[in-house]
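Please read the structure below before turning to the comments.
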Amino acid sequence: MSRSSTQFWLMKSEPDVYGIADLERDGREPWNGIRNYQARNFLRDAMAAGDLALFYHSNATPPGVAGVMRIDSGPEPDGLAFDPDSNYFDAKSDPEEPVWIQRQVAFVAAFESFVTLADLREDPELEGMLVTRKGQRLSIQPVEEAHFWRICRKGGLTKKAVLEKSGQ
DNA sequence: GCCAACGTTGGC
DNA sequence: GCCAACGTTGGC
């Protein structure tokens with residue numbers, strides 16, 4: 001039985017840095033390096049383990065949704081913020097009172113067909129999605145449930161298939 | 001590479 | 001608190 005409170009998300013990563021194929025290989029990875037407060041607040045406060053997220057390839061040709069993953073932990077301190085050698089180092093964050101937060105994410109499925117940003121924009125049923133709004137940059141966004149399943153379907157996966165693969 | 005749309009920083 | 005300068009994101 002799936003939790004009725006499952007929430008749905010879209011999370012961006014540049015595939016040159018870390019893409020769906022990397023997550024499929026690794027199985028489970030920390031989603032870290034988020035340095036925007038609005039995105040941090042979603043990571044820290046709004047997500048729950050078991051939530052499902054669209055894996056979005058940003059800065060790609062073309063950009064779009066590549067698959068599905070599952071939020072697989074509670075909020076954890078983002079250790080990169082404590083490492084002076086990391087690009088994501090932030091002196092404001094210390095282990096006693098971490099400013100930046102990560103979640104573990106687990107691979108669920110790669111889409112059979114990549115759903116491009118243009119595909120999202122031209123589908124009237126997806127009107128109002130944040131990701132299609134010009135100029136928006138938020139790297140972690142809530143997604144309406146109906147939009148989530150519609151995008152999975154466009155990617156070649158039924159709701160049933162996604163729920164089975166996600167263990168829910 | 002360009003640049004619009006932000007978010008952050010810091011002087012005042 | 002205002003806002004100009006600057007840095008970043010990310011589509012194109």
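What you see is a predicted model; the values in this text were computed from it and never measured. Convention: sequence-line order gives letters A, B, ...; per-chain numbering from 1.
Sorted by first and then second residue, the pairs that involve residues 29-46 of chain A and meet salt bridge (Lys or Arg N to Asp or Glu O under 4.0 Å), not counting sequence neighbours, are Arg35(A)-Asp78(A). Applying the ring pair (Phe, Tyr, Trp, His ring centres under 6.0 Å) test to residues at least two apart or on different chains, the pairs with a partner in residues 62-108 of chain A are Tyr37(A)-Trp100(A). Sorted by first and then second residue, the pairs that involve residues 103-115 of chain A and meet side-chain hydrogen bond (donor to acceptor under 3.5 Å, both in side chains), not counting sequence neighbours, are Glu76(A)-Gln104(A).
Applying the side chain to side chain contact (heavy atoms under 4.5 Å, CB included) rule to Ala146(A) yields no partners; only residues at least two apart in sequence or on another chain are considered. Scored by the side chain to side chain contact (heavy atoms under 4.5 Å, CB included) test, Lys134(A) finds no partners at all (sequence neighbours excluded). Checked against side chain to side chain contact (heavy atoms under 4.5 Å, CB included), Gln136(A) has the following partners two or more places apart in sequence or in another chain: Lys12(A), Val131(A), Arg133(A), Leu138(A), Gln141(A).
For the residue pair Thr116(A)/Asp119(A), the side-chain donor-acceptor check at 3.5 Å is satisfied.
Between Arg35(A) and Asn59(A), the residue whose closest nucleotide on DNA chain B is further toward the 5' end is Asn59(A).
With a heavy-atom cut-off of 4.0 Å to chain A, the contacted part of DNA chain B has its first and last nucleotide at dA4(B) to dT8(B).
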Extract all donor-acceptor atom pairs below 3.5 Å that involve side chains of residues 55-64 of chain A and protein atoms in other chains or at least two apart in sequence.
from: His57(A); atom 1: NE2; to: Ile20(A); atom 2: N; distance (Å): 3.1
from: Asn59(A); atom 1: ND2; to: Glu14(A); atom 2: OE2; distance (Å): 3.3

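For the contact set between residues 118-141 of chain A and DNA chain B, defined by any heavy atom under 4.0 Å, the members are Lys134(A), Gly135(A), Arg137(A).
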